[in-house]
Amino acid sequence: MTVKLCLAQEPEADRLLSEDPFALLTGMLLDQQYPLEHAFRGPKKIADRMDGFDIHKIAAADPAAFEELCSTPPAIHRYGRSMARRTLELARYVLDHYHGDTAAIWTEGDPDGKEVLRRLEELPGYGNQKARIFLALLGKQLDVRPPGWEQAAGAYAEHNSRRSAADIVDQESLLEVRAFKKAAKAAAKAAGK
């Protein structure tokens, strides 16, 4: 597979995200309270330290050792230990519910967009907003477009928007998304006064 994604802003990290659905799912998990491109570099850091990115090896990892691996500088996240626990939980969930086939979340049983959204919302560490962003990312950048995906993803599915990871295709769009988020945060703060 050729590199399609440009979320980590580093070729090798983006290649992993493009080729491994669990790496992409993990990158999205890490995308909170941390610069987006650094969050999406997390799976590559794990891969470098575990001799590859393998959902089975991650799920079977000793929790304390995995926390150490993820929190050692450069850590996978500002909160490396807690995100290591969440990553383990996510790996185990995908193994238990989808036999380790991450793509089954959006392919198994030929689901519609509403069902894919429901499945994403059930993932550990994923809430409604993160699930909608991931669904929009699948549709906008990976051509995974189950019927009704745009309605299920809501505003994140809007064409030519710059509101989330789903819209990042290069350095310029990353900066535009960052500016959108900053403006939205300022507007929310002003409305809360």
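Source: prediction; values computed, not measured.
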Any side-chain heavy atom of [X] sitting closer than 4.5 Å to one from [Y]?
X	Y	result
Gln9	Arg41	yes
Ile58	Phe53	yes
Ile133	Asp31	no
Val177	Lys181	yes
Pro63	Arg85	no

Locate the shortest heavy-atom distance separating [X] from [Y]; write the atom from each residue and the value.
X	Y	answer
Ser173	Arg162	CB-NE, 3.5 Å
Ala59	Leu95	CB-CD1, 3.2 Å
Pro35	Arg78	CD-NH2, 4.5 Å
Arg145	Gly139	NE-O, 2.8 Å
Pro43	Ala39	CD-O, 3.7 Å
Asp62	Ala65	OD2-N, 2.9 Å

Lys/Arg N to Asp/Glu carboxylate O, [X] vs [Y], below 4.0 Å:
X	Y	answer
Arg119	Glu108	no
Lys44	Glu10	no
Glu121	Lys130	no
Arg118	Glu115	yes
Glu12	Arg15	yes

Can you say whether the rings of Phe134 and Tyr126 are parallel (under 30°), tilted (30 to 60°) or perpendicular (over 60°)? perpendicular
List the steps, then state whether side chain to side chain contact (heavy atoms under 4.5 Å, CB included) holds for His159 with Glu150. CA-CA 10 Å; His159 297 286; Glu150 290 174 300; 3.1 Å; yes
Interatomic distance, [X] atom [atom1] to [Y] atom [atom2] [nearest 0.5 angstrom]:
X	Y	atom1	atom2	value
Asp20	Thr26	CG	OG1	8.0 Å
Leu29	Thr87	CG	OG1	5.0 Å
Leu25	Leu123	CG	CG	5.5 Å
Leu138	Met28	CG	CE	8.5 Å
Glu122	Leu117	CD	CG	10.0 Å
Leu30	Tyr79	CG	OH	13.5 Å

Look at the side chain of [X] and the backbone N and O of [Y], then say whether any donor-acceptor pair between them is shorter than 3.5 Å.
X	Y	result
Asp112	Pro146	no
Lys45	Cys70	no
Gln141	Ala166	yes
Arg86	Gly125	no
Arg132	Tyr156	no
His77	Gln32	yes

If you group Ile, Leu, Val, Met, Phe, Trp and Tyr by side-chain heavy-atom gaps below 4.5 Å, do [X] and [Y] land in one group?
X	Y	result
Val169	Phe180	no
Leu5	Tyr34	no
Leu135	Tyr98	yes

With Ser161, which residues qualify under side-chain hydrogen bond (donor to acceptor under 3.5 Å, both in side chains), at least two apart? Lys140, Asp167
Mark yes when over 12 heavy atoms from residues, nucleotides or ligands other than Gln171 sit less than 6.0 Å from its CD; otherwise mark no. yes
Is atom CG of Asp170 surrounded by more than 12 heavy atoms (other residues, nucleotides or ligands) closer than 6.0 Å? yes
Could you list the residues that satisfy salt bridge (charged side-chain N to carboxylate O under 4.0 Å, His left out) with Arg178, not counting sequence neighbours? Glu37
Under the side chain to side chain contact (heavy atoms under 4.5 Å, CB included) criterion, do Asp54 and Phe22 qualify, and how do the steps go? CA-CA 9 Å; Asp54 181 331; Phe22 185 67; over 6 Å; no
